[in-house]
Structure formats: C-alpha cells, structure tokens
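Here is the naming used below: chain letters follow the sequence lines, and residue numbers restart at 1 for every chain.
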Amino acid sequence: MDKILVQNAGKFEGQKVKLNGWVYNSRRSGKIGFLLFRDGTGIIQCIIIKNDVGEELFDSFKTLTQESSISVVGEIVKNDRAPGGFELLLSSLEIHQLIEGYPITPKDHGTEFLMNHRHLWIRSKRQHAILRIRHEIIKATRDFFDSNDFTLVDTPIFTSNACEGTTTLFETEYFGESAYLSQSGQLYGEANAMAFGRQYNFGPTFRAEKSKTRRHLTEFWMVEPEIAYCELDENIEWAEKLITFIIDRVITNRKIELETLERKIEDLEKFRGEFPKISYTEAVEMLHKGGFDFEWGGDFGSPEETYIAEQFDKPVVVHRFPTAIKAFYMKRDPENEKVVLGMDVLAPEGYGEIIGGAQREDNLDFLLERIEHEKLPQEEFEWYLDLRRYGSVPHAGFGMGIERVVSWLCKLPHVRETIPYPRMIQTLRP
RNA sequence: UCCGGUUUAGCUCAGUUGGUUAGAGCAGCGGACUGUUAAUCCGCGUGUCCGGGGUUCGAGUCCCUGAACCGGAGCCA
C-alpha cells in the first residue's frame, strides 16, 4: 500500500492508500462522518460510513478533535461534491495524539490573537496558501535568474557600515566592535557582478525603522540582481521579465492556493508584459494634474506614490529621480545632471514600491564627490571604490522585496501574513 | 516619534441619558440526523468589564494616568 500526499491523491484514484497528518475539521450527520484531513500539502475529505466501517471505528472517529494527529487508510474516489474533487473512503484510522482545546477554532479571530499563535496559525488554510505562494515566488525568482546565466553569490549579513547611510540599522556587538545587520547586499553585489558578470544575492534584510504600516517589516527578504555591462533601460527590462515570469509560475502552479485566497487569475494575467514607464518629472506633472501640491525635487510620500500607481492597471516604472533624494551610488544622468538613473517599480492596487534599482555610478571621481557630499566615511568604502579603479564598467541592478510581491500577488491587507514569523516593531515572538 | 482608535466570556462582539441581577453569536460538551462544505436542530456553561487613581448615593459607562494592541504619517523593499 502506498503512503501518499494529499496533493497527489488524484493520481491514486481507485487505490487503497495511507496518509499521515492531522484533523482539520470533522462533522457528522448521523451514521455518516466527514473528516477534513490535512497533511501539509493539502486538505482531503475522508468519508466514514458507520454501516461499512463498524461501530468501533465510527466511535473512534467521533472522538477526533481539531488538530489531533492521525493516519488514515482508505480508497481514493472521485466525487464532485468533495472539495478538491477527490475524497477518501476511510477504512482504518490510527490516532497518534488526541488533543483538547486547540486555540484556533474555525471561526472569527482577531489579528492580535492569531499573531500570538502564529506557530499554529500557519496550519490554517489561508495562511498555508499564502506561504505556499511565497515559496513559489521564491522558487520562480531563483529559477528565473539561474536560467538567465546569473550566479547566486551570497553577501554578508554582518556589516561594518551603513550601506546607504540613510535608514536606521540594527546594531550588534561583534568581538569588541560595532557591527550592523545588513540592510542591503547591493554594494557587495556590485563587487560580485564584476567577478561573475551576472549575479544575484538573496537573503534577509534588516531595517530598524519604527515603521507601523501594512507595508513594513523589520526583517524581510530581498533578491538583488546586479549586472555588469548593463544600463538603465536593460535593468528595467530585467525587472519586467522577472515579475512576468513570477506571475506565470504562480498562475500555473498555485491555482488551488489562489482560489483559497479568492485572487482572480484574470487579474494577475493583466499585470504581465511590458510596464508603463514615466520619469520622475512626468510623475510630478501627473500629481499636479491630480491636484497635489508637490514641488519638483521632493520625495514621493505614500499618498503620492499611491496616486501615481492608481493611474495604471499594471506595475509602473518611475525613473530618473532628483539626485538629492537618492543614494550616493546612483549614476547621474549624462543628459541631465539634476537627476540620477534610478528606477522604482510601483505595484498596482495600492501595494506601493516592490522594486527599487538603478544604474550605478561607475566614475570614480563622481562617486568620491557624492561620498564627500553625503559626509560618508570614505575609508569604509575603499573596497567599493576599488571596483571603479580596477576595470570599471557600466552596471546596474535592483532589489525586490519578496514580502511586498507576495502581499500584492495574494492581494493581502498586510505584509505580516507573507512571512512565516514576521518581525515588526512590536512583534518578536513567537 | 507624532496623530487617531480599540481593550467586556476560550474567540468575535453588543451593552441606551451613569441605575440595582452584564448579554449575544461562535467554539466546547451531550443528544438527533447517510452528503456535510464556517452544516442544521435540541440541551448544558462561562466574567479581575486591561491595570491604577478619582468624581458620584451608585461607574463596564464620566475624568486623570499607565499599559497592550490596531490603523495612518515619516522612512523604505
């Protein structure tokens, strides 16, 4: 007899199989019982008919409580009335642990309660679906870069300096000196790109900002491609292709999960392909037409960003920002010194910035000028400046926040549900 | 950090102009039911009304204070 997984049940139609898992829910209607059984790959309904299985097994079924651990044996049969299309005609039941008082009942709960029980909440259908889509998005991201001749080159998490000198970092003691948890692997990514041509790094990122919004975590995952001999337009193209590839994969491989989340595939399909592109200056004009009192040179706040994204039904690329509001490493536009060759991708439906990137400044003197102007400690950047001393080339890259992409593609109200154990200003446990 | 809001049963919430004994639904338990999808029907419980202080004959309700949480802003992916 085969030991199988719920997600493969359809392939075993007509066969007697065994499944190991947990009770999702159960109900009875007289002499017939319905057991929703989950094993981590899906949920299958088991049917227990008293007259077929006998009184002893039926009584045993009646004792089952939510999340008790069990193994079931039975025949897989097709039945359109069952969720998932297949069900299991139960013939034997082994109880490993009968439990009492599982805290998460199949009724309404508040976010605080659920977050305090996050270690259990991830068993629930909806959370499970989100995390499976997260996996698909991460897998697709890796597959995309791997199949486009990128090399994965990891970057350190302990760093000695602020990468951009802007955001607040988590400080930690490192054998007698201060170290900071990485807020981006980008500078190292640039070194890697000079060594490997096309590289990506993918790891956790830490920001100590006391942000309390639906878009922020203090610990999140970011993928950062960096490409040698690449300019802004090509950089944008890579971003478009990556997002399109991810959406295709999610649509193809995670239909059940999308359905659980009531995310319409037709909506996701619209997001693919080439994205509309506007310059910062054009975006400012757009804001003026929309009645915003906004001065050229300022950074977009949340309301501005949302308004711009709302004008499009696809992700929109905003490029060429004022130099003053962007990081020191962004290359100044040779055609307009006031702007840099940066680009942001704003997701539709109010999900905000999912990608931020730029062509990097490859001229040593300009870079030194910026470091001085921003009052950054030059000695900390000597290794980075070496990249401009020894074989400098045009190069570009971007960072994509995984949680924001998951949040958007799943159409969630908050990023905290996109990561198994979210770290936020007020959340450190479980 | 700033602005706004919330805190009452295991969970989600209601609770009138301050009024005597604080409610409902769900979950749980027992029973009925051979196709349930958050099943339905009958029966059975539960309270530090967030903590502290005050006003009042009387406070879940009003005031002060503290805490926790939620949403937004800034910052960003």
[options]: which one has an atom nearest the side-chain heavy atoms of [X]?
X	options	answer
A/Glu305	B/C76, B/C75, B/A77	B/C76
A/Leu217	B/U36, B/C33, B/A77	B/A77
A/Lys31	B/U34, B/G35, B/C75	B/U34
A/His216	B/C76, B/C29, B/U37	B/C76

Separation of [X] atom [atom1] from [N] atom [atom2], in whole Å?
X	N	atom1	atom2	value
A/Lys62	B/U34	NZ	P	12 Å
A/Asp59	B/G30	CG	C1'	14 Å
A/Glu353	B/C76	CD	P	9 Å
A/Asp80	B/U37	CG	P	17 Å
A/Leu89	B/U34	CG	P	17 Å
A/Glu209	B/C75	CD	P	9 Å
A/Ile425	B/C70	CD1	P	10 Å
A/Leu181	B/C76	CG	P	19 Å

Which part of the nucleic acid, if any, lies within contact of [X], taking any heavy atom under 4.0 Å across all strands shown: a base, the sugar-phosphate backbone alone, or nothing?
X	value
A/Lys212	base
A/Leu36	nothing
A/Glu87	base
A/Ile354	sugar-phosphate
A/Asn79	base
A/Ser302	sugar-phosphate
A/Gly352	nothing
A/His117	nothing
A/Arg214	sugar-phosphate

RNA chain B contacts among residues 125-145 of chain A, heavy-atom distance under 4.0 Å: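 Heavy-atom contacts with RNA chain B come from no residue of residues 125-145 of chain A; none.
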B/A77 pyrimidine/purine six-ring stacking with A/Phe220, under 5.5 Å and 30°: yes
Which residues share a side chain to side chain donor-acceptor pair (under 3.5 Å) with A/Asp333, sequence neighbours left out: A/Arg320
Tell whether [X] reaches the base of [N] with its side chain through a donor-acceptor pair below 3.5 angstrom.
X	N	value
A/Asn25	B/U37	no
A/Gln66	B/G28	no
A/Arg404	B/C76	yes

Qualifying residue, where the test is ring-ring contact (aromatic ring centres under 6.0 Å, His included) with A/Tyr188 and the options are A/Trp383, A/Phe158, A/Tyr200, A/Tyr384: A/Trp383
N/O (side chain, A/Gln426) to phosphate O (OP1/OP2, B/C70) under 4.0 Å: yes
Please name the nucleotide paired to [N] by Watson-Crick or G-U wobble geometry with both distances under 3.5 Å, or report none.
N	value
B/G71	B/C3
B/U34	none
B/G28	B/C44
B/U16	none

A/Phe366 six-ring centre to A/Arg332 NZ/CZ under 6.0 Å and within 45° of normal: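 Yes, cation above the ring, under 6.0 Å and within 45°.
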Cationic tip of A/Lys314 above A/Phe271 ring, under 6.0 Å, 45° of axis: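 Not satisfied by the 6.0 Å and 45° rule.
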Detail all sub-3.5 Å separations between protein N/O atoms and N/O atoms belonging to nucleotides 10-14 of chain B.
{"from": "B/C11", "atom 1": "O2'", "to": "A/Asp108", "atom 2": "O", "distance (Å)": "2.6"}
{"from": "B/C11", "atom 1": "O2'", "to": "A/His109", "atom 2": "ND1", "distance (Å)": "2.7"}
{"from": "B/U12", "atom 1": "OP1", "to": "A/Gly110", "atom 2": "N", "distance (Å)": "3.0"}

Aromatic plane relationship, A/Phe398 with A/Phe145 - under 30° parallel, 30 to 60° tilted, over 60° perpendicular: tilted
Full working for side-chain contact (heavy atoms from CB on, under 4.5 Å) between A/Phe245 and A/Lys241: CA-CA 6 Å; A/Phe245 185 86; A/Lys241 284 179 180 162; over 6 Å; no
Examine [X] together with [Y] and report whether their ring centres are nearer than 6.0 Å.
X	Y	value
A/Phe292	A/His288	no
A/Tyr280	A/Trp296	yes
A/Trp238	A/Phe150	yes

Residue whose closest nucleotide on RNA chain B lies nearer the 5' end, A/Ile47 versus A/Val415: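 Nearest-nucleotide comparison on RNA chain B picks A/Ile47.
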CA sep, side-chain torsions, deciding dist, call: A/Ile157, A/Thr205, side-chain contact (heavy atoms from CB on, under 4.5 Å): CA-CA 8 Å; A/Ile157 288 170; A/Thr205 317; over 6 Å; no
Ionic contact status for A/Lys125 with A/Glu262, cut-off 4.0 Å: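 The answer is no: the pair does not qualify as a salt bridge.
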A/Gln426 atom CD, over 12 foreign heavy atoms within 6.0 Å: yes
